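The structure appears below as structure tokens.
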Amino acid sequence: MEIIIQSTRAAASKLAALNIARLVQAKPNAVLGLATGSTPLMLYTELIRLHREEGLDFSKVRTFNLDEYCDLPPEDPNSYRFFMNENLFKHINIDIANTRVPDGLVQGAEILRHCEKYEEDIRAAGGIDLQVLGIGTNGHIGFNEPGTSLASRTHFTTLTESTRKSNAPYFGGLEAMPYYALTMGIGTIMDVREVVLLAFGESKAEAIAGAAEGALTASNPASSLQMHPSATMFLDTAAAARLVRRDYYEWTFAHKPDWQ
Ligand code: F6R
């Protein structure tokens, strides 16, 4: 795992956006895996800027989002489909038909079929070239909560109390916050060609330390990325604060290791 630490969220987001821009330039029909939440917002703002000001062309790009809440229609402002349309898709020249988000409205036996089809569609698209990830304070990636099988594929999942509490403010309180979601599995994420994980702020520091330097364990799902051949974490200093090793090669601000 490569770890890139920048002094600000903006700088880390710009570097991550550059990775995506380079990929899309080299492979115009690249398949991007996308995330929602507060973490990738600046990354998406930068991609929009690259499109508007530097002509970055998304016309052939295809996307698969990591996850979606169950029982929220796409027009609900808290649905991840709504989030993606508002924060990225409507501002770039992507063909909306090429953008996929799991359907949180499927019910009962349809759920399994929908999840299998999501996996089939990712395979049919040629696999995901680059996956954007955030991380939960409990180490979740997508909605793969602690204890999820490291081999899991796209599935229906129960959100933990900690995730429900973290995301409740968006819903105006815990009562309105969903209990269930559909998510790509850890196995799905491990199959992507390149992982770009972003984490900002001190609330992520413990999860990041566990993921980057702790044991490989389903208790911290992001630690599975230690086994990924091409995973990079883009962190701000607050999210990196609990890392102990000091050998990350791209500290681009004056950093004095505390053992010197
Ligand atoms: C979102 C997702 C989640 C978030 C994580 C962090 O699609 O899959 O894993 O990345 O919950 O959320 P924020 O960025 O809001 O702190």
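We count residues from 1, following the sequence as given. As the structure is a computational prediction, the values presented were derived from the model and not from experiment. Whatever order the structure lists ligands and atoms in, that order sets their numbers, starting from 1.
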Determine, considering heavy atoms only, which of Gly134, Ala207, Gly136 sits nearest to atom 10 (O) of ligand 1.
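Minimum heavy-atom distance to atom 10 (O) of ligand 1 goes to Gly134.
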Proximity winner for atom 3 (C) of ligand 1, if only heavy atoms of Gly142, Gly37, Pro169, Gly139 are counted:
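Selected option, by shortest heavy-atom distance: Gly142.
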Hydrophobic cluster partners of Phe82 (side-chain heavy atoms under 4.5 Å):
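Members alongside Phe82: none; it stands by itself.
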Look at Glu110 together with Arg113 and state whether they make a salt bridge at an N to O cut-off of under 4.0 Å.
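No, this pair does not count.
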Any ion pair linking Asp129 and Arg62 (charged N to carboxylate O, less than 4.0 Å)?
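No salt bridge links Arg62 with Asp129.
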How would you list all residue pairs meeting side-chain hydrogen bond (donor to acceptor under 3.5 Å, both in side chains) that involve residues 37-46, not counting sequence neighbours?
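Qualifying pairs, neighbours excluded: Glu46-Arg49.
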Is there side-chain contact between Leu105 and Pro73, with at least one heavy-atom pair below 4.5 Å?
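Answer yes - side chains close enough.
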[X] neighbourhood, listing ligand 1 atoms whose heavy-atom distance to it stays under 4.0 Å:
X      : answer
Leu66  : 8 (O)
Tyr170 : 15 (O)
Ala35  : 7 (O)

What residue and atom, counting heavy atoms only, is the protein's closest point to [atom], and at what distance?
atom                    : result
atom 6 (C) of ligand 1  : Ile135 O, 3.4 Å
atom 14 (O) of ligand 1 : Thr39 OG1, 2.4 Å
atom 2 (C) of ligand 1  : Asp67 OD2, 3.3 Å
atom 15 (O) of ligand 1 : Ser38 N, 2.9 Å
atom 1 (C) of ligand 1  : Thr36 OG1, 3.1 Å
atom 16 (O) of ligand 1 : Lys204 NZ, 2.7 Å

Mind listing the closest non-hydrogen atom pair of Thr188 and Thr154 along with its distance?
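Heavy atoms of Thr188 and Thr154 come nearest at OG1-N, 3.4 Å.
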Check whether Leu198 and Leu50 end up in the same hydrophobic cluster, where Ile, Leu, Val, Met, Phe, Trp and Tyr are linked by side-chain heavy atoms less than 4.5 Å apart.
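Yes.
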Looking at Tyr179, does the NZ or CZ of Arg164 lie under 6.0 angstrom from its six-membered ring centre and within 45 degrees of the ring axis?
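Verdict for Tyr179: a cation-pi partner in Arg164.
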Purely on distance, is any nitrogen or oxygen of [X] under 3.5 Å from one on ligand 1?
X      : value
Leu133 : no
His140 : yes
Tyr80  : no

Output field: ring centroids Tyr180/Tyr69 closer than 6.0 Å
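That pair fails the under 6.0 Å test.
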I need the contact type for Tyr69 against ligand 1. Using non-hydrogen atoms and a strict under-4.0 Å cut-off, is it side chain, backbone, both or neither?
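Neither part.
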If only side-chain N and O atoms count, and only distance matters, is there a donor-acceptor pair under 3.5 Å linking Thr157 with Glu145?
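Not at all, the side chains of Glu145 and Thr157 share no donor-acceptor pair under 3.5 Å.
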Is the shortest distance from a heavy atom of Phe200 to ligand 1 less than 4.0 Å?
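False for this residue.
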